[in-house]
Amino acid sequence: MNEHNKEEFPPAHTAEHLLNQVMVRLFGCERSYNAHIERKKSKMSFHLAQKPSRQEEKAIEREMERLIDEDLSVTFEMVRREDVPEGVRLDRLPADASETIRLVRIGDYDVCPCIGRHVRSTSQIGRFELLGTNWDEHEHSFRVRFKIV
Ligand SMILES: [Zn+2]
């Protein structure tokens with residue numbers, strides 16, 4: 001098993017999984033390339049084709065609220081590297097990652113390899129509050145700042 005590099009606050013860390021998939025689905029982007037997840041405030045950055053509109057930003061928040069309300073179960077399973085489902089990217093695991101991968105699923109909504117700590121279902125995340133966003137036109141980088149309350 002790989003070591004998780006930081007001891008994260010499980011509700012915020014689980015929100016990180018959800019927000020990654022919300023962004024992938026809404027914008028067709030990759031999961032965040034940079035994330036700082038903390039108990040009080042978190043931020044995640046994504047590479048996007050263009051700056052999201054106000055409505056799109058609202059849609060991010062609405063989707064997060066909907067997924068939390070749905071109380072999706074968070075489960076994990078151990079699979080061999082060659083049995084990882086198609087579309088699940090392992091390229092962020094260290095090169096010396098073990099042959100057995102821990103996959104974390106949130107309902108049927110998201111699956112990704114992770115050994116961090118999570119809540120058991122999405123309602124335990126609490127309330128997702130979008131604090132603000134930043135757009136870097138040069139980098140085409142969209143940063144989402146949020147907190148869990
Ligand atoms: Zn995780």
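Start at 1 and go down the list; that is how both ligands and their atoms are numbered.
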Subject >> Apex the Zn ion (ligand 1) - arms SG from Cys114 and NE2 from His118 - angle rounded to 10° >> reply: 120°
**OP:** Examine all N, O or S atoms of His17, backbone included, and report whether one is under 2.8 Å from the Zn ion (ligand 1).
**Re:** yes
Original post:
Of all N, O or S atoms in His13, which has the smallest distance to the Zn ion (ligand 1)?
Top reply: NE2
**OP:** Determine whether the side chains of Ser45 and Asn34 contain a donor N or O and an acceptor N or O closer than 3.5 Å.
**Re:** no
**OP:** Kindly write out the residues that satisfy side-chain hydrogen bond (donor to acceptor under 3.5 Å, both in side chains) with Gln50, not counting sequence neighbours, or none if the list is empty.
**Re:** none
**OP:** List the atom of His47, the atom of Glu139, and the distance in Å for their closest heavy-atom pair.
**Re:** ND1-O, 3.5 Å
Original post:
Who are the ring pair (Phe, Tyr, Trp, His ring centres under 6.0 Å) partners of Tyr109, not counting sequence neighbours?
Top reply: none
